[in-house]
Amino acid sequence: MIKIVTVIGARPQIIKAAALSRAISTGFKDKINEIIVHTGQHYDANMSQVFIDELGIPAPDYNLGVGSGSHGRQTAVMIEGIEKILQDEKPDFLVLYGDTNSTLAGAVASSKLRIPIVHIEAGLRSFNKSMPEEINRIMCDHASTLLFSPTLTGYRNLLREGFSAQNQPPFTSDNPGIFHCGDIMFDNSLHFAGIAEERSDVLKQWGLEKENYLLATIHRDNNTDDPERLRSIFSALNQVSLANNLMIALPLHPRTSGLLRQNLPAELFTSVSGNPFITMMPPVSFLDMIKLEKHARMVITDSGGVQKEAYYFGKPCVIARPETEWVEIVEAGAGIIADADENAIVLAATGYLNNPPVSFPEVFGDGKAAEFICRTIAGAAWK
Ligand code: UD1
Ligand code: UDP
């Protein structure tokens, strides 16, 4: 039996963890024993517990209750907590997802204790080191022993940074194994799409008609914390909705809702709040979210996960960031990078409304990434 400790903390990691836990419980129960540690980076019920309940993730064995704070403090408290658990549990592997501060903390704690790290979503790069996530993911990749990349681009990024496809077991952090296995989020979208269709009444709840609304999410710190960028994005949302008489469903991350009034010009705040076409709502559950994605006409977002889910469901996506790690979406013509440029967002959205893309090649795997990862971990006889 291989013992793993999985660290989750932020919303997308909790969602990703559902795919691995599901694969373990359906095919690897007698081979992999998973202990789950929640750092508490996200803690509101609608940012955390809702996913654990809804997606069938086992209740975390530990919750560090770290909460919000500066990057340094938040990460430091997590490192201390994870270190203690690793010393007690002595797992064969620590499993980390993505690029959040919870990921970085796990990587620092585990590498110093010489516990091999499994990094899921390895190799992604924005080539923009002003993003905290870019630093977190580079540091985690370079401390890892098994690296699972969701895309060919991610895999090639690893090769370019000196990782070798020729390494053979026994793998170590000095002789890491790299794998291109597809995207664990795609596994989830495939698995939950039908369930969401049946169970979620989010469209009815918010008075939205299928194919007659646009879905938007904005939460990246460089957008929310910079008043000019936030103004530009919300002014664009206002224009797109009014010019096309099109509803916009806008589930707001608490970071964004907390800063909207403060960082938007008063006139724009009043205009957006009073715009009958813009429906701001609290963060929604994953089943509600994928139902919203599946029936939207298009998506405007600065989220990594939401960009990909839009693609899985065949929806065009305007990316409110200066770049994306998911370059395949842009290459397929299904995404346009508009940054926080008001005119570029309006232009891209209008273009997609009039002329939606037709081709969404399968570049995110076969929906069995979690199974591949479990097989690789379970087969680590070299451990
Ligand atoms: C974090 C990740 C980001 C990821 C996002 C997913 C880092 C550096 N960033 O960003 O990569 O895309 O999660 O959603 O790890 N807050 C609440 N309630 C909560 C959680 C947060 O009110 O349950 C508010 C707090 O004011 C907090 C702010 O949101 O200060 C930001 O939270 P934090 O976890 O620091 O970063 P995110 O912006 O969520
Ligand atoms: N998500 C959700 N409810 C919401 C917004 C997002 O369930 O109100 C899901 C979304 O479907 C995706 C994940 O959260 O699976 C993306 O997380 P987020 O946008 O917070 O972070 P990122 O992917 O940018 O790191």
Side-chain angles (χ1 to χ4, degrees), residues 7-19 38-52 54-55 65-75 77-78 96-106 121 124 126 130-137 139-140 150 183-189 192-193 196 200 202 206 215-225 249-259 262 280-294 296 299 301-313 319-321 324-326:
V7 171
I8 56 176
R11 168 168 68 188
Q13 295 168 324
I14 305 171
I15 296 170
K16 286 165 202 169
H38 192 326
T39 61
Q41 176 170 352
H42 287 173
Y43 44 86
D44 289 347
N46 58 17
M47 294 293 288
S48 173
Q49 190 61 39
V50 66
F51 305 109
I52 293 171
E54 181 180 71
L55 307 183
V66 167
S68 306
S70 69
H71 285 276
R73 195 201 142 270
Q74 188 183 51
T75 311
V77 180
M78 289 177 192
L96 298 171
Y97 294 99
D99 51 24
T100 70
N101 287 346
S102 298
T103 315
L104 175 64
E121 232 180 51
L124 297 174
S126 62
S130 71
M131 285 179 78
E133 293 86 353
E134 183 78 348
I135 303 299
N136 293 346
R137 55 170 88 104
M139 295 178 72
C140 182
D183 187 13
I184 198 156
M185 299 267 294
F186 185 42
D187 298 14
N188 269 336
S189 292
F192 287 111
S200 165
V202 67
W206 295 98
L215 173 67
T217 76
I218 296 296
H219 79 279
R220 292 244 100 80
D221 61 350
N222 69 329
N223 284 333
T224 58
D225 300 11
L250 186 59
L252 282 181
H253 188 292
R255 166 174 220 121
T256 317
S257 41
L259 287 166
Q262 178 188 321
M280 294 195 231
M281 52 185 90
V284 296
S285 77
F286 184 65
L287 295 185
D288 285 351
M289 191 62 183
I290 56 177
K291 184 142 183 185
L292 284 170
E293 290 163 345
K294 200 166 159 215
V299 171
T301 191
D302 61 4
S303 157
V306 177
Q307 276 174 60
K308 284 182 294 169
E309 286 159 359
Y311 188 90
Y312 306 152
F313 293 118
I319 302 165
R321 287 185 41 195
T324 179
E325 301 80 16
W326 308 101

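In this chain, numbering begins with 1 at the start of the sequence shown. As the structure lists them, so they are numbered: ligands from 1, and atoms in each ligand from 1.
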Participant: Quick one: does Arg220 get a heavy atom under 4.0 Å from ligand 2?
Facilitator: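 It does, in that a heavy atom of Arg220 comes within the 4.0 Å cut-off of ligand 2.
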Participant: For ligand 1, which atoms, with element, lie under 4.0 Å from some heavy atom of Met47?
Facilitator: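 Result: 23 (O).
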Participant: For atom 1 (C) of ligand 1, which protein heavy atom lies nearest, and how many Å away is it?
Facilitator: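 Protein heavy atom with the smallest distance to atom 1 (C) of ligand 1: Gln41 NE2, 3.7 Å.
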Participant: Just by distance, no angles: are the side chains of Ser68 and Tyr43 close enough, under 3.5 Å, to form a donor-acceptor pair?
Facilitator: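 Per modelled atom types, Ser68 and Tyr43 side chains form a pair under 3.5 Å.
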Participant: Using a 4.0 Å cutoff against the non-hydrogen atoms of Phe51, which atoms of ligand 2 qualify?
Facilitator: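 In order of numbering, the contacting atoms are 7 (O).
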Participant: Please check whether Tyr43 reaches ligand 1 - meaning an N/O of the residue sits under 3.5 Å from an N/O of the ligand, judged on distance alone.
Facilitator: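 For ligand 1, there is an N or O atom that lies under 3.5 Å from one belonging to Tyr43.
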Participant: At less than 4.0 angstrom from any non-hydrogen atom of Ser68, what atoms of ligand 1 do you find?
Facilitator: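 Counting from 1, the qualifying ligand atoms are 25 (C), 27 (C), 30 (O).
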Participant: For ligand 1, which atoms sit closer than 4.0 Å to a heavy atom of Glu133?
Facilitator: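 With Glu133 as reference, the close atoms of ligand 1 come out as 3 (C), 9 (N), 11 (O).
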Participant: Ignoring angles and geometry beyond distance, decide whether Arg11 reaches within less than 3.5 Å of ligand 2 through its nitrogen or oxygen atoms.
Facilitator: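 Yes - when backbone and side-chain N and O of Arg11 are compared with those of ligand 2, one distance drops under 3.5 Å.
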Participant: Which of the numbered atoms in ligand 1 are below 4.0 angstrom from a heavy atom of Pro12?
Facilitator: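 Taking each heavy atom of Pro12 in turn, ligand 1 has 6 (C), 14 (O) under 4.0 Å.
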Participant: Between Pro282 and ligand 2, does any nitrogen or oxygen pair lie at a separation below 3.5 Å?
Facilitator: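 Pro282 vs ligand 2: no N/O contact under 3.5 Å.
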Participant: Which atoms of ligand 2 are found less than 4.0 Å from any heavy atom of Pro251?
Facilitator: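 Heavy-atom distances to Pro251 below 4.0 Å select 8 (O).
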Participant: Run the contact test for Met281 against ligand 2 with a 4.0 Å cut-off on heavy atoms, strictly below, and give the result.
Facilitator: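 Per 4.0 Å heavy-atom rule, Met281 does not contact ligand 2.
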Participant: May I ask you to check whether Phe286 and Phe51 place their ring centers less than 6.0 Å from one another?
Facilitator: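 No - the distance between ring centres of Phe286 and Phe51 does not fall below the 6.0 Å cut-off.
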Participant: So if I count the atoms of ligand 2 from 1 in the order they appear, which ones are less than 4.0 Å from some heavy atom of Glu293?
Facilitator: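 Selected atoms, number and element: 11 (O).
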Participant: At a 4.0 Å threshold, what atoms of ligand 1 neighbour a non-hydrogen atom of Ala10?
Facilitator: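 So the answer, numbered in order with elements, is 13 (O).
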Participant: Can you pull out the closest protein heavy atom to atom 18 (N) of ligand 1? Residue, atom name and distance to 0.1 Å, please.
Facilitator: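 For atom 18 (N) of ligand 1, the nearest protein heavy atom comes out as Asp44 OD2, 2.9 Å.
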Participant: By number and element, which atoms of ligand 2 are closer than 4.0 Å to a non-hydrogen atom of Phe286?
Facilitator: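 Listed by number with element: 7 (O), 11 (O), 15 (O).
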Participant: Look at atom 1 (N) of ligand 2 and say which protein heavy atom is nearest, naming residue and atom and giving the distance to 0.1 Å.
Facilitator: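 Nearest neighbour among protein heavy atoms for atom 1 (N) of ligand 2, to 0.1 Å: Met289 CG, 3.7 Å.
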Participant: Would you say ligand 2 has an N or O under 3.5 Å from any N or O of His253?
Facilitator: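 Between His253 and ligand 2, no N or O pair is found under 3.5 Å apart.
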Participant: Mark up the atoms of ligand 1 that fall under 4.0 Å of a heavy atom belonging to His71, in ascending order.
Facilitator: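 Within the 4.0 Å cut-off of His71, ligand 1 contributes 8 (C).
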Participant: Just going by heavy-atom distances, which of Gln13, His42, Gln74, Arg137 is nearest to atom 13 (O) of ligand 1?
Facilitator: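 Result: the heavy atom closest to atom 13 (O) of ligand 1 is in His42.
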Participant: Does any N/O atom on Gly304 come nearer than 3.5 Å to any N/O atom on ligand 2?
Facilitator: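 Yes: some nitrogen or oxygen of Gly304 is under 3.5 Å from one in ligand 2.
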Participant: Going by the atom numbers of ligand 2, which of them fall below 4.0 Å from some non-hydrogen atom of Ser303?
Facilitator: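 The atoms of ligand 2 under 4.0 Å from a heavy atom of Ser303 are 16 (C), 18 (P), 19 (O), 22 (P), 23 (O), 24 (O).
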Participant: Give yes or no for whether the N/O distance cutoff of 3.5 Å, strictly under, is met between Gly305 and ligand 2.
Facilitator: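 Yes, Gly305 has an N/O under 3.5 Å of an N/O on ligand 2.
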Participant: State whether the shortest distance between N or O atoms of Thr217 and N or O atoms of ligand 2 falls below 3.5 angstrom.
Facilitator: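 In this structure, Thr217 places no N or O atom under 3.5 Å from an N or O of ligand 2.
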Participant: Any idea which atoms of ligand 1 are less than 4.0 Å away from a heavy-atom of Arg220?
Facilitator: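 That gives atoms 3 (C), 4 (C), 11 (O), 12 (O) of ligand 1.
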Participant: Using 30° and 60° as the class boundaries, would you call the ring planes of His219 and His253 parallel, tilted or perpendicular?
Facilitator: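 If you compare the ring of His219 with that of His253, the planes turn out parallel.
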Participant: Using a 4.0 Å cutoff against the non-hydrogen atoms of Ser285, which atoms of ligand 2 qualify?
Facilitator: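 Selected atoms, number and element: 7 (O).
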Participant: Are any of the heavy atoms in Gln307 under 4.0 Å away from ligand 2?
Facilitator: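 It does not; every heavy atom stays at 4.0 Å or beyond.
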